[in-house]
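Remember, it's 1-based here, ligands and their atoms both numbered in the order they're listed.
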Amino acid sequence: MKLFLDTANVDHIREINGWGILAGVTTNPSLVSREGRCMRDCLTEIAGIVSGPISAEALSMDTEGMVREAHELASIAENINIKIPMTSQGLAAVSILAKEGIKTNVTLVFSANQALLAAAAGATFASPFVGRMDDIGNRGMTVVEEIVDIYDLYDIPTQVIAASLRHPMHVTEAALAGAHIATIPYDVMVKMVHHTLTDIGIKRFLEDYEKIKDL
Ligand code: E4P
């Protein structure tokens, strides 16, 4: 499973990219607005840091507007793919963009049937939002598991991005479910590094080495 960062914060992207583990980035209008930056400038800077796929969201609600925005966003850098909302107008846009060779990420997916439609339209990625389903009392990871099983069953090339992840267990569960990608908030990525026993182990090794370093 590839690890993406779910943020528009360039400092966080630089830091995690420095770990050598970052395969891509997903953004959305809420994440960019949190940075208080213009969308295009922000995406241009991210594209200068990350060589893997970067998702940028189209905001029009009609097919023609989505396709126009997709052309504008895709012109920023060749690794930018276009987030298209899971609507009938969005499916039509995905289908047009797929024929043009522009990669898409169908976003706001909350069911296996929506993921089937996204794949049939030619989406490169489909993003089930796990945390938002958990928030309303439905187990979000069950939808990820269903989508992965269906895509596997029919050799569907669309890749599943487990999105809206809220804690490290979500990442483990997404990996066990067979998601191709997990897009992870910065704070969750940092939590994944740490383990109390690792910290205790390092401390003990350093203390023991102190006892013998002058021998
Ligand atoms: C994914 O592409 C979305 O940007 C993100 O995961 C949404 O997460 P949220 O539900 O925490 O806003």
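Glu78 CD: 12 or fewer foreign heavy atoms inside a 6.0 Å radius.
Pairs passing the salt bridge (charged side-chain N to carboxylate O under 4.0 Å, His left out) check and including a residue from residues 15-34, sequence neighbours excluded, do not occur.
Listed by chain and number, Asp6, Thr26, Asn28, Lys83, Phe129, Arg132, Ala163, Ser164, Arg166 each place a non-hydrogen atom less than 4.0 angstrom from ligand 1.
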Trace of the side chain to side chain donor-acceptor pair (under 3.5 Å) decision for Gln89 with Thr63: CA-CA 5 Å; Gln89 295 87 346; Thr63 302; over 6 Å; no
Could you check Phe129 against Leu108 for side chain to side chain contact (heavy atoms under 4.5 Å, CB included), going step by step and ending with a plain yes or no? CA-CA 6 Å; Phe129 276 34; Leu108 294 165; 3.7 Å; yes
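Val94 is connected to Ile54 through a chain of hydrophobic side-chain contacts under 4.5 Å among Ile, Leu, Val, Met, Phe, Trp and Tyr, so both are in one cluster.
For the side-chain hydrogen bond (donor to acceptor under 3.5 Å, both in side chains) with Thr26, the lone residue among Asn105, Thr7, Thr183 that qualifies is Thr183.
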